[in-house]
Amino acid sequence: QRVSLVRDTAFNLFNLEVNLGAAEPGLVTADIHIARGPLASVIDVNTSWSVVERTRARAKAAASNNLMVYLIKQGGSWFQNERGQEFRTSAGSVVVGSQDAAYKAAAAPGQDWSFHALSVSEHLFPFAADRIRQGGFQLVPAHAPLNRLLSSYLALFCQDFPKLDKSSTAASLKALDHLLAAALGGKDAREHELLAHTVSGERCRAALKFIEDHMEF
């Protein structure tokens, strides 16, 4: 049943094919929680090591207007996007991509998958959507502007998502859209670079404290 849960979750929620390798079924772990809202869904995944892949055929079958934002809780995973670019994650990494972006990934040897995944329609990310699509399945660089604030904010958002009503969710997603756009750069990269240098470490901490205090509202 756990093997089926892993495969069904990967296929139905992430549009992925899963290869569990030579793992014995009795040793496969699967702890998956899904919180659905009117504007987005958050999936908390903790499963056994595996190789996952969204082939081009699977990508064509996906909803073309859906975006995914991942917060990695346990580092060391590897992935390769359709362009052949390779990335490695660490704890706190943010990965973005569209639901119809082909890629292949594997958890680090001897480690499980552990991440939060936000599924949201691209029209709710008017600033970041084009940058996500243009870059393909990609890792937000650790040195990107506001990356630490983005990672911390995403962790709080995923944690408190089940408690948010529709208006609070919309406001939270709007803030996330701006943070993603700043971190991913693009045609407004100079503006975001200036913003990143303007916001000192102390102001970042103050902003994060404000988010923590007001997320439930």
Side-chain angles (χ1 to χ4, degrees), residues 1-37 39-55 58 62-63 66-81 86-99 101-120 132 137-140 142 147-148 150-164 169 172-173 176 179-180 211-212 215-216:
Q1 288 178 331
R2 289 194 297 270
V3 171
S4 296
L5 178 61
V6 170
R7 288 177 174 159
D8 290 348
T9 300
F11 189 84
N12 295 319
L13 294 181
F14 299 104
N15 198 34
L16 295 170
E17 297 174 3
V18 174
N19 181 353
L20 291 166
E24 294 184 20
L27 299 179
V28 171
T29 59
D31 185 11
I32 301 165
H33 301 266
I34 306 169
R36 298 186 188 275
L39 299 177
S41 296
V42 170
I43 307 118
D44 182 20
V45 175
N46 298 274
T47 62
S48 296
W49 177 93
S50 65
V51 176
V52 298
E53 182 175 13
R54 184 181 298 138
T55 62
R58 288 300 317 155
N66 206 55
L67 301 177
M68 303 295 295
V69 182
Y70 301 83
L71 176 64
I72 308 302
K73 294 190 291 182
Q74 178 172 277
S77 58
W78 163 92
F79 69 90
Q80 181 184 64
N81 64 20
E86 296 188 6
F87 304 88
R88 289 191 182 276
T89 68
S90 58
S93 291
V94 177
V95 178
V96 296
S98 60
Q99 189 80 13
Y103 76 99
K104 184 176 183 178
Q111 293 190 24
D112 298 339
W113 287 110
S114 184
F115 59 86
H116 290 296
L118 167 67
S119 175
V120 60
I132 292 174
F137 206 82
Q138 59 190 296
L139 173 69
V140 177
N147 180 67
R148 290 178 62 187
L150 168 64
S151 179
S152 298
Y153 179 84
L154 188 55
L156 286 169
F157 176 78
C158 290
Q159 173 185 306
D160 289 348
F161 178 77
K163 297 182 287 187
L164 301 179
T169 301
S172 300
L173 289 173
L176 180 57
L179 286 172
L180 281 169
I211 292 167
E212 290 175 338
M215 179 67 84
E216 65 181 61

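Below, all heavy atoms of this structure are taken into account, side chains as well, without hydrogens, waters or symmetry copies.
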**Student:** Measure the OG-OH distance between S98 and Y103 for me, rounded to the nearest 0.5 Å.
**Tutor:** 10.5 Å
**Student:** Quick one, L16 and R58 - any side-chain contact, counting heavy atoms below 4.5 Å?
**Tutor:**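 They are not in contact (no side-chain heavy atoms under 4.5 Å apart), so the answer is no.
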**Student:** Checking S152 side chain against R148 main chain: does a donor-acceptor pair fall under 3.5 Å?
**Tutor:**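 Indeed, once roles are kept as given, a pair shorter than 3.5 Å links the two residues.
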**Student:** Roughly how far apart are C158 SG and D44 CG, rounded to 0.5 Å?
**Tutor:**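 If I round to the nearest 0.5 Å, the distance is 8.5 Å.
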**Student:** Any side-chain heavy atom of I43 within less than 4.5 Å of one from I32?
**Tutor:**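 Yes, at least one pair of side-chain atoms sits under 4.5 Å.
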**Student:** So F115 and Y70, would you call those rings parallel, tilted or perpendicular, with 30° and 60° as cut-offs?
**Tutor:**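 Ring orientation of F115 relative to Y70: perpendicular.
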**Student:** Compare every heavy atom of N66 with every heavy atom of S119, then report the nearest pair and how far apart it is.
**Tutor:** OG-ND2, 2.8 Å
**Student:** Keeping W49 on the side-chain end and A107 on the backbone end, is there a donor-acceptor pair under 3.5 Å?
**Tutor:** yes
**Student:** So D112 and N46, side-chain contact (heavy atoms from CB on, under 4.5 Å) or not? Walk me through it.
**Tutor:** CA-CA 7 Å; D112 298 339; N46 298 274; over 6 Å; no
**Student:** Tell me yes or no: between the side chains of W113 and S77, is some donor less than 3.5 Å from an acceptor?
**Tutor:**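 No, S77 and W113 have no side-chain donor paired with an acceptor closer than 3.5 Å.
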**Student:** What distance separates N19 CG from S50 OG, expressed to the nearest 0.5 Å?
**Tutor:**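 The distance works out to 8.0 Å.
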**Student:** Rounded to the nearest 0.5 Å, what's the gap from CG on L154 to CG on L179? Could you check?
**Tutor:** 9.5 Å
**Student:** Is the backbone of A30 close enough, under 3.5 Å, to the side chain of R2 for a donor and an acceptor to pair up by distance?
**Tutor:** no
**Student:** Please find the pair of heavy atoms, one from V18 and one from A10, that lie closest to each other, and give the distance.
**Tutor:** CG2-CB, 3.1 Å
**Student:** R36: what forms a side chain to side chain contact (heavy atoms under 4.5 Å, CB included) with it, not counting sequence neighbours?
**Tutor:**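 If we apply the side chain to side chain contact (heavy atoms under 4.5 Å, CB included) test to R36, skipping adjacent residues, the hits are L13, I34, S41.
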**Student:** Please list, chain by chain and in numerical order, all residues satisfying side chain to side chain donor-acceptor pair (under 3.5 Å) with T47, sequence neighbours excluded.
**Tutor:** none
**Student:** Going by heavy atoms in the side chains, are L180 and L150 under 4.5 Å from each other?
**Tutor:**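 A side-chain contact under 4.5 Å exists here.
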**Student:** Where do T29 and V6 come nearest, in terms of heavy atoms and distance?
**Tutor:**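 The answer is O-CG2, 3.9 Å.
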**Student:** Calculate, to the nearest 0.5 Å, the distance between atoms OG1 and NZ belonging to T55 and K104 respectively.
**Tutor:** 11.5 Å
**Student:** Tell me if the NZ atom of K73 is crowded by more than 12 foreign heavy atoms within 6.0 Å.
**Tutor:** yes
**Student:** Starting at CG of L156, measure out to CG of L176 and round the result to the nearest 0.5 Å.
**Tutor:** 11.5 Å
**Student:** Classify the angle between the aromatic ring planes of F87 and F79 as parallel (below 30°), tilted (30 to 60°) or perpendicular (above 60°).
**Tutor:**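 F87 vs F79 ring planes: parallel.
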**Student:** Output all residues satisfying side chain to side chain donor-acceptor pair (under 3.5 Å) with S93, sequence neighbours left out; order by chain, then residue number.
**Tutor:** S90
**Student:** How close do A108 and G76 get, heavy atom to heavy atom, and via which atoms?
**Tutor:**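 Minimum heavy-atom contact is CB-O, 3.2 Å.
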**Student:** Between the side chain of Y153 and the main-chain N/O of S172, is any donor-acceptor distance below 3.5 Å?
**Tutor:**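 Between the backbone of S172 and the side chain of Y153 there is a qualifying donor-acceptor contact (under 3.5 Å).
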**Student:** Which heavy atom in Q99 sits nearest to a heavy atom in M68, and how many Å separate them?
**Tutor:** OE1-SD, 3.1 Å
**Student:** Work out which heavy atom in F14 is nearest to a heavy atom in A117; give both atom names and the distance.
**Tutor:**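 Here F14 and A117 meet closest at CE2-CB, 3.6 Å.
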